[in-house]
Amino acid sequence: MLRRSRRTLQLVAATTLMVTAATACNAAAKTDASDGASGSSGKSFTLVTPDAVGQNEFLKLAVTGVKAAAKTHDGTEKVYESTDTASQQQNVQAAVDTSPNVIVLVGFEFADIVAQQAKAHPKQQFLMIDACTTKTFTNVTCAVFREHEGVYLAGAEAGLLSKSGKVGAVDVLDTPQFRRYSDPFAAGAKKVAAKTSASTRFVGGQSPFDDSARAKEQADSLLSKGTDQIMAAAAAGNYGVFEAAKAKGAFAYGVDVNQCVSSPGTVVDNVIKKTDVAVEKGVEQVLAGRTGTSVSYGLKEGGISLTGLEAGVDSSKCVIAQHKDVLAKVKALRDQIVSGELKVDDPAAS
């Protein structure tokens with residue numbers, strides 16, 4: 001859920017809560033285009049991001065996915081980087097004007113814009129990543145994630161590593177969508193250590209996605225009661241959670257990308273979303289004519305994972321790299337989920 005530095009958990013809402021208010025960034029509109037070979041007879045793909053890509057790993061993966069799709073189809077790709085609400089609208093319009101085979105958009109910020117454009121341009125195909133329109137359109141295909149499966153595995157790590165027998169989560173808001181980052185964490189911990197107790201605190205307030213101070217306060221509340229493993233699902237507030245955990249010698253878990261590098265020795269592991277996988281598979285789905293649907297990506301599809309389960313974990317700066325025995329048990333749980341033997345309850349399921 002750390003799609004970008006400003007928001008970590010808005011991504012989760014993006015998955016199921018598709019119509020929250022759009023985000024305003026302060027930078028002026030900026031568009032960056034990257035083209036493949038001109039004159040190619042292959043397919044054309046355009047990616048529109050909600051923010052500048054920069055060093056944002058979540059968005060960089062989306063770029064990787066679009067480039068891979070273009071290479072597969074001997075085609076071309078363009079990347080339009082937005083910086084605020086106005087540039088998001090401008091970039092989507094610019095993408096529509098060039099009529100590529102598929103326009104790929106990352107984030108809930110585009111839900112309303114895409115709904116308008118899809119209705120106005122029924123022949124243009126849109127692929128939304130980590131979000132969807134509230135209304136179904138035959139030319140809008142959506143790729144969302146089953147975050148709760150990865151959170152469950154992180155919870156299992158917490159249960160196996162906890163010395164106090166108390167785990168917790170700092171969540172943005174008390175809604176079913178956001179509880180995907182807290183309830184499964186508790187369930188995973190109790191799966192491997194039945195006597196584990198779990199608590200959740202919510203950031204809330206006027207700016208729940210950007211309030212590091214309130215997130216830290218909620219983490220301190222958990223830590224004061226003996227919690228020694230905390231799932232950080234507080235958007236930009238995650239850094240406040242990490243700070244609180246570090247000060248008390250406790251441990252935390254990040255989201256979306258590898259957050260261990262921001263607090264080595266404190267962050268155990270991360271629930272990561274592979275936007276490149278969702279983009280590549282989503283593009284293939286659109287080109288195959290299976291449009292107007294929403295497909296979820298979890299452990300089985302390779303859309304959700306943990307940093308600890310990926311290649312390179314030894315250099316990830318994640319604490320979990322020091323616990324190969326725990327990873328072996330978590331891998332077994334992952335395999336059970338993938339096979340269907342173990343089902344993880346989704347708090348957001350209707």
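Heavy atoms only: backbone and side chains are in, while hydrogens, waters and symmetry mates are out. Numbers here simply count residues along the sequence, with the first being 1.
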**OP:** List the steps, then state whether salt bridge (Lys or Arg N to Asp or Glu O under 4.0 Å) holds for Lys60 with Glu57.
**Re:** CA-CA 5 Å; Lys60 286 170 68 176; Glu57 293 299 325; 3.2 Å; yes
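- Rounded to the nearest 0.5 angstrom, Leu160 CG and His323 NE2 are separated by 10.5 Å.
- In terms of heavy-atom proximity, Ala95 sits nearest to Thr46 at CB-CG2, 3.7 Å.
- Side-chain N or O atoms of Asn139 include one that pairs as donor or acceptor with a backbone N or O of Gln124 at under 3.5 Å.
- In this structure, the side chains of Thr133 and Gln116 stay at 4.5 Å or more apart for every pair of heavy atoms.
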Subject >> Chi angles and distances behind the side-chain contact (heavy atoms from CB on, under 4.5 Å) call for Gln117, Gln93 >> reply: CA-CA 8 Å; Gln117 293 285 1; Gln93 184 62 60; 2.8 Å; yes
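- Side-chain contact between Glu301 and Val277: absent, with no pair of heavy atoms (C-beta onward) separated by less than 4.5 Å.
- Following chains of ILVMFWY side-chain contacts shorter than 4.5 Å, one can reach Val344 starting from Val330, so the two form part of one hydrophobic cluster.
- Judged purely by atom type and a 3.5 angstrom limit, Asp183 has no side-chain atom pairing as donor or acceptor with the backbone of Pro347.
- A heavy-atom distance below 4.5 Å is not found between the side chains of Thr275 and Asp130.
- Taking NZ from Lys248 and OG from Ser224, the interatomic distance works out to 6.5 Å, rounded to the nearest 0.5 Å.
- Using a 4.5 Å heavy-atom cutoff, the side chains of Phe202 and Leu173 are not in contact.
- Other residues, nucleotides and ligands contribute over 12 non-hydrogen atoms within 6.0 Å of the NZ atom of Lys281.
- Looking at Ser212, its side chain does come within 3.5 Å of a backbone N or O of Gly240 through a donor-acceptor pair.
- Looking at heavy atoms from C-beta onward, Leu161 lies out of side-chain contact with Phe251 at the 4.5 angstrom threshold.
- A side-chain donor-acceptor contact under 3.5 Å links Ser44 to the backbone of Asn101.
- Atom CZ of Phe45 and atom CG of Leu127 lie 10.5 Å apart (nearest 0.5 Å).
- Of the possible polar contacts, none joining the Arg180 side chain to the His148 backbone as a donor-acceptor pair under 3.5 Å is found.
- No donor-acceptor distance shorter than 3.5 angstrom exists from the side chain of Ser162 to the backbone of Gly159, with no hydrogens or angles considered.
- Across every non-hydrogen atom of Ser182 and Thr200, the tightest pair is CB-OG1, 3.6 Å.
- Taking CD1 from Ile304 and CD1 from Ile337, the interatomic distance works out to 11.5 Å, rounded to the nearest 0.5 Å.
- Side-chain atoms of Thr293 and Gln285 form a donor-acceptor pair, as typed in the model, at a separation below 3.5 Å.
- In terms of heavy atoms, Leu309 sits closest to Ser305 at CB-OG, 3.8 Å.
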**OP:** Show your working on side chain to side chain donor-acceptor pair (under 3.5 Å) between Thr64 and Asp276 and close with a plain yes or no.
**Re:** CA-CA 6 Å; Thr64 298; Asp276 56 336; 6.0 Å; no
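- Of the options Asp345, Asp174, Asp171, a salt bridge (Lys or Arg N to Asp or Glu O under 4.0 Å) to Arg179 is made by Asp174 and by none of the others.
- Side-chain contact check for Gln259 versus Tyr239: some heavy-atom pair is nearer than 4.5 Å.
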**OP:** Determine, stepwise, if the pair Gln88 / Val48 fulfils side-chain contact (heavy atoms from CB on, under 4.5 Å).
**Re:** CA-CA 8 Å; Gln88 289 162 9; Val48 185; 5.9 Å; no
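- Taken to the nearest 0.5 Å, the OH atom of Tyr152 stands 11.5 Å off from the CG atom of Leu299.
- Grouping the Ile, Leu, Val, Met, Phe, Trp and Tyr side chains by contacts below 4.5 angstrom, directly or via other members, places Val313 apart from Leu61.
- Counted by atom type alone, Asp228 and Ser164 present one or more donor-acceptor pairs between their side chains at under 3.5 Å.
- Contact detail for Ala244 and Asp220: the closest heavy-atom pair is CB-OD1, 3.4 Å.
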Original post:
Stepwise, does the side-chain contact (heavy atoms from CB on, under 4.5 Å) test hold for Glu157 with Leu327?
Top reply: CA-CA 8 Å; Glu157 290 179 339; Leu327 279 177; 3.8 Å; yes
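- Between Ala278 and Ala143, the closest heavy-atom pair is CB-CB, 4.1 Å.
- Asn270 places no side-chain N or O within donor-acceptor distance of the main-chain N or O of Thr307, the cut-off being under 3.5 Å.
- Under the 4.5 Å side-chain heavy-atom criterion for grouping Ile, Leu, Val, Met, Phe, Trp and Tyr, Met231 is connected to Leu306 within one hydrophobic cluster.
- Between Glu149 and Asp346 the shortest side-chain heavy-atom distance does not fall below 4.5 Å.
- Side-chain atoms of Ser296 do not come within 3.5 Å of backbone N or O of Phe145 as any donor-acceptor pair.
- In this structure, CG in Leu47 is found 10.0 Å from CG in Asn91, a value given to the nearest 0.5 Å.
- Leu222 is connected to Val241 through a chain of hydrophobic side-chain contacts under 4.5 Å among Ile, Leu, Val, Met, Phe, Trp and Tyr, so both are in one cluster.
- In this structure, Ile129 is a member of the same hydrophobic cluster as Val271, with clusters built from ILVMFWY side-chain heavy atoms closer than 4.5 Å.
- Shown here is Lys329, whose NZ atom has no more than 12 heavy atoms of other residues, nucleotides or ligands within 6.0 Å.
- No more than 12 heavy atoms of other residues, nucleotides or ligands sit less than 6.0 Å from atom NZ of Lys119.
- The shortest heavy-atom contact between Lys274 and Gly302 is CD-O, 3.1 Å.
- Checked against the 6.0 Å centroid criterion, the rings of Phe185 and Tyr253 qualify as a close aromatic pair.
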**OP:** Kindly indicate, with the supporting measurements, whether the criterion side-chain contact (heavy atoms from CB on, under 4.5 Å) is fulfilled by Val96 and Ile103.
**Re:** CA-CA 8 Å; Val96 170; Ile103 297 176; 3.8 Å; yes
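- Panel note: side chain Asn258, backbone Cys260; a donor-acceptor pair is recorded below 3.5 Å.
- Side-chain contact between Phe58 and Val106 is present, with at least one heavy-atom pair separated by less than 4.5 Å.
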